[in-house]
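In what follows, a structure is listed as structure tokens, so that the remarks can point back to it.
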Amino acid sequence: MASNRRAFLTATAAVGALAAAPASAAPAEPDDRPRPTTAPAALAELLAGNRRYATGLPRHPDEGLLRRHTLAAGQHPFAVVVGCIDSRVPPELVFDQGLGDLLCIRTAGQVLDEAVLGSIQYGVAELHIPLVLVLGHERCGAIAATLDHLRTGARVPGHLELLVDEIAPAALRTRSLPGDWAEHTMRANTIWVRDAIRADPAFAAATVTAARFDLDTGLVSLLP
Ligand SMILES: [Zn+2]
């Protein structure tokens, strides 16, 4: 018991020392870095940030007090990311971006509904964001649930039905392809979402691109 208490006191002291560390110990923060204003520049910035993330050398930009205070007056994010809710695919981390950089809209399997479309439109029409990136990822739970439903015919409970209904067409289109059905479905679904956004005149001002996140390598690759 006594040694436990000693260990607790030691740990508490260590936490206290960390909390008292001077602010200058934090990594330098490039709050004044130039923001992309075109779709190609925005995509290049995202892919450069992803390479930093994938190689374990993230800068964690735009997380400090200066950036927070600057943004209090208004936001100018440079990309919309339409991605999955998966806890392993948070766009700000995956692309090594910070506060005010990305407008992220996340649903399971990155499916579309009116709330998602309205949110994208806010980014494109009101905030003049030049790039919309639809981001799918491997081993997606929403894709797996859809395939399970199609294989077994089991009823989909409650609100999950919308997700399965949205993903099922991509699964059915790719069912006869050789190889990994889940991977084929994820790619087909992500491309379908990209094309649906592209075809909508509400988003004509933006470039819409699709990409795949690899859970193993951490890398994002563009889909054709
Ligand atoms: Zn997912």
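Residue numbers count from 1 along this sequence. What you see is a predicted model, and the numbers here were worked out from it, not measured in a lab. As the structure lists them, so they are numbered: ligands from 1, and atoms in each ligand from 1.
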Discussion item. Just to be sure I understand the site: which N, O or S atoms from the protein are less than 2.8 Å away from the Zn ion (ligand 1)?
Written reply: Cys84 SG, His137 NE2, Cys140 SG
Worksheet item: Nearest heavy-atom pair of Glu138 and Leu215: which atoms, and what distance?
Response: OE2-N, 2.8 Å
Worksheet entry | Worked verdict on Arg187 versus Glu183 for salt bridge (Lys or Arg N to Asp or Glu O under 4.0 Å) | CA-CA 6 Å; Arg187 287 172 178 259; Glu183 176 73 15; 2.8 Å; yes
Worksheet item: How far does OG1 of Thr107 sit from CG of Leu163, to the nearest 0.5 angstrom?
Response: 7.0 Å
Can any side-chain N or O of [X] pair as donor or acceptor with the backbone N or O of [Y] at less than 3.5 Å?
{"X": "Asn50", "Y": "Val220", "answer": "yes"}
{"X": "Asp101", "Y": "Asp62", "answer": "no"}
{"X": "Arg194", "Y": "Val134", "answer": "no"}

